[in-house]
Engineer: 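Encoded as structure tokens, here's the structure I'll be asking about.
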Amino acid sequence: MIDTAVAGTVDQVGDLASSLEAVLFTLNRPVTVLELRDILQAPLSQVEMAAAALAERLSGRGLLLQRHQDQLQLVTDPSQADVVRRVLRPEFPSRLSPAAYETLAIIAYRQPLTRARIEEIRGVNCEAVLESLEEKDLITETGRLEAPGTPRLFGTTIKFLQILGLSSLEELPPLPEAPAASGSTTS
Amino acid sequence: MTADIELEQNPVYLVRSPAFDGPIELLLSLAQRAEVDLKAIQLATLTDDYLRAIERERPPLDRLAAFLVIGARLVQIKAAGLMPQPSSTEEDDLEAWEEAIKGRLAEYKRFKELAESLMRRHATGRFSFAGLFEPEVIPQARVQVSLDALAAAFQQVLDRLPPPEQIAFEMEHISLADKLEELRRLLSGQAETSFTAVFSRARTRLEAVVIFLALLELIRIGEISVVQGSPFAEIKVRARAPQEE
């Protein structure tokens with residue numbers, strides 16, 4: 001009895017993963033797990049399991065399931081960037097300023113954080129670079145700090161994952177320890 | 001403090017002042033323990049005396065350095081004492097501040113390296129792309145013509161119009177709403193018409209432009225669609241039944 005119950009759950013998750021794939025393909029934008037719960041009419045825990053199953057199924061394929069906070073999006077795998085670019089003719093920003101990469105790195109690893117904290121680390125005013133990153137949809141306001149003036153808190157967006165071809169923030173290289181050794185792993 | 005005793009046997013400098021008489025090392029250790037009032041000692045005078053002393057006989061470099069370090073600590077302690085609410089933790093605060101600066105520099109260095117790795121990764125161009133058409137913009141089904149073809153067709157319409165012979169100062173009043181209605185009437189009589197026929201009644205460039213805007217608006221709100229059967233074929237304008245997608 002237990003075996004069939006487990007098998008049934010696995011099937012359900014598999015079906016749900018297929019539905020999830022179809023929905024993400026059609027909507028073609030970041031979709032939150034809450035939205036997916038309503039669309040798929042399944043509890044959040046099952047949506048999460050389906051997402052994990054779909055991500056696994058897509059490995060080695062041309063598509064990638066991207067995850068940022070509570071958002072999911074179906075995108076092309078970074079390994080296919082060249083061929084996709086041939087059909088897209090897009091005007092993607094292929095380079096940002098050094099200040100922009102620095103600010104992005106700080107936000108990516110320390111999010112959510114305030115502009116004051118970013119400026120403390122970089123030691124310079126960051127208003128313009130934050131504005132430009134926000135305009136490019138690479139960062140966004142994720143909330144307000146409960147402190148005098150309720151300053152804005154910044155975090156990265158799912159677009160940030162896309163310009164780096166990451167499936168999630170967890171794929172970022174680990175934060176190096178104090179005087180960092182250059183990470184060259186041979187695996 | 002054993003260090004005090006050792007140093008006293010061969011002091012870096014012997015301070016001679018009304019408030020304190022003795023090795024400068026002792027002065028520092030007393031000041032650190034707040035057992036001597038530095039406000040009563042003029043550090044400028046002390047420094048001047050020292051400079052005169054070393055002019056007469058130059059001590060080895062390590063002794064000069066030692067005086068500098070001790071002198072700097074004394075200045076630091078005295079300055080801290082002059083600040084409001086002096087406390088014995090001021091010294092610790094300074095050290096903490098120093099640590100914080102060092103930590104911040106190390107932190108910045110780490111992020112700078114990460115920024116470089118992000119830049120390298122970005123430069124490889126291995127992006128992931130979202131699908132091409134966003135459904136909340138114009139669905140593809142409504143525009144089966146490339147934008148280039150649409151623009152080229154419109155240019156041909158403009159080229160066919162007589163060139164403006166003189167600059168007219170008379171204001172033309174052509175409303176978008178009127179043109180929208182005209183287009184709707186045109187397409188209610190027939191299911192399909194050609195792109196050029198839509199502009200057949202345009203007399204001026206302004207009128208053609210407004211008709212074109214009306215056409216785009218009707219595409220946007222989903223009342224019509226434009227279709228090109230094959231490359232370079234005449235573009236057809238069709239009325240769309242409601243809810244047809």
Side-chain angles (χ1 to χ4, degrees), chain A residues 24-30 63-64 66 73-82 84-85 87-88 90 92-110 118 120-123 158-167 172-180 182-183, chain B residues 93-152 219-220 222 225 228 230-231 243-245:
Chain A
L24 289 175
F25 171 78
T26 315
L27 284 179
N28 188 23
R29 60 171 169 83
L63 295 177
L64 174 76
Q66 241 167 8
Q73 187 170 11
L74 202 58
V75 293
T76 65
D77 194 85
S79 63
Q80 304 305 319
D82 286 344
V84 174
R85 200 173 269 114
V87 300
L88 270 183
F92 280 88
S94 54
R95 265 198 107 80
L96 303 170
S97 68
Y101 287 114
E102 265 179 45
T103 309
L104 271 179
I106 292 166
I107 297 173
Y109 285 88
R110 287 275 189 263
I118 299 166
E120 198 181 305
I121 296 172
R122 291 199 58 226
I158 202 160
K159 179 87 181 287
F160 168 75
L161 297 181
Q162 284 157 20
I163 67 155
L164 295 176
L166 299 168
S167 67
L172 281 172
L175 193 63
E177 291 306 314
S182 60
Chain B
D93 286 352
L94 281 168
E95 267 169 32
W97 183 74
E98 235 174 71
E99 280 306 302
I101 291 281
K102 271 190 214 149
R104 203 169 295 169
L105 283 174
E107 190 178 28
Y108 176 66
K109 188 165 175 282
R110 287 198 293 167
F111 283 114
K112 210 170 158 53
E113 278 162 22
L114 286 169
E116 276 157 22
S117 92
L118 289 192
M119 190 188 72
R120 280 193 299 274
R121 190 174 179 118
H122 188 202
T124 62
R126 285 164 70 93
F127 299 178
S128 51
F129 297 98
L132 192 52
F133 296 100
E134 293 182 45
E136 58 264 34
V137 191
I138 301 176
Q140 194 193 354
R142 291 186 210 155
V143 190
Q144 293 173 18
V145 180
S146 81
L147 279 178
D148 290 346
L150 202 59
I219 296 172
R220 193 186 72 76
S225 62
Q228 193 172 32
S230 59
Q243 295 310 312
E244 167 205 331
E245 197 72 77

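Note: hydrogens, waters and symmetry copies are ignored here, and every other heavy atom, side chains too, is used. Chain naming here is simple, since letters A, B, ... match the order of the sequence lines and numbering starts at 1 in each.
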Engineer: Side chain, backbone, both or neither: which part of A/Thr103 has a heavy atom under 4.5 Å from chain B?
Structural biologist: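 Nothing of A/Thr103, per the 4.5 Å heavy-atom cut-off to chain B.
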Engineer: What's the shortest heavy-atom distance between B/Phe111 and A/Ile106, and which atoms?
Structural biologist: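 It is CG-CG1, 3.5 Å.
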Engineer: Considering non-hydrogen atoms only, spot the tightest contact between A/Ile121 and B/Tyr108 and give its length.
Structural biologist: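 Heavy atoms of A/Ile121 and B/Tyr108 come nearest at O-CD1, 3.3 Å.
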Engineer: By side-chain contact (heavy atoms from CB on, under 4.5 Å), which residues pair with A/Ala99, not counting sequence neighbours?
Structural biologist: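 For A/Ala99 the side-chain contact (heavy atoms from CB on, under 4.5 Å) partners, ignoring immediate neighbours, are A/Ser97, A/Arg122, A/Val129.
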Engineer: State the CZ-CD1 distance between B/Phe129 and A/Ile163, to the nearest 0.5 angstrom.
Structural biologist: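 B/Phe129 atom CZ to A/Ile163 atom CD1 measures 11.0 Å (nearest 0.5 Å).
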Engineer: Grab the two heavy atoms, one from B/Ser128 and one from A/Pro78, that are nearest each other, plus how far apart they are.
Structural biologist: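 Taking B/Ser128 first and A/Pro78 second, the nearest heavy atoms are CB-CD, 4.2 Å.
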Engineer: Where do A/Leu96 and B/His122 come nearest, in terms of heavy atoms and distance?
Structural biologist: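 Reported closest heavy-atom pair: CG-CE1, 4.1 Å.
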Engineer: For A/Gln66, which atoms come within 4.5 Å of any heavy atom of chain B: side chain, backbone, both, or neither?
Structural biologist: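 Just the side chain, heavy atoms under 4.5 Å.
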Engineer: Can you say whether A/Gln73 sits under 4.5 Å from chain B via the side chain, the backbone, both, or neither, judging by heavy atoms?
Structural biologist: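 Contact with chain B involves the side chain of A/Gln73 alone.
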Engineer: Please report the shortest heavy-atom distance between A/Leu172 and B/Leu118, naming the atom on each side.
Structural biologist: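 Looks like CD2-CD2, 3.8 Å.
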Engineer: What are the two closest heavy atoms between A/Gly165 and B/Arg121, and how far apart are they?
Structural biologist: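 Closest pair (atom of A/Gly165, atom of B/Arg121, distance): O-NH2, 3.5 Å.
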Engineer: Among B/Arg104, B/Met119, B/Lys112, B/Glu116, who wins on heavy-atom pairs under 4.5 Å with chain A?
Structural biologist: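 Looking at each of B/Arg104, B/Met119, B/Lys112, B/Glu116 in turn, B/Met119 comes out on top.
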Engineer: Could you state the interatomic distance from CG (A/Leu164) to CZ (B/Arg126), rounded to the nearest 0.5 Å?
Structural biologist: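 Reported to 0.5 Å precision, the distance equals 12.0 Å.
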Engineer: Taking only residues two or more places apart in sequence or in another chain, which ones pass salt bridge (Lys or Arg N to Asp or Glu O under 4.0 Å) with B/Glu98?
Structural biologist: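 Testing B/Glu98 for salt bridge (Lys or Arg N to Asp or Glu O under 4.0 Å), a comparison that skips the adjacent residues, returns none.
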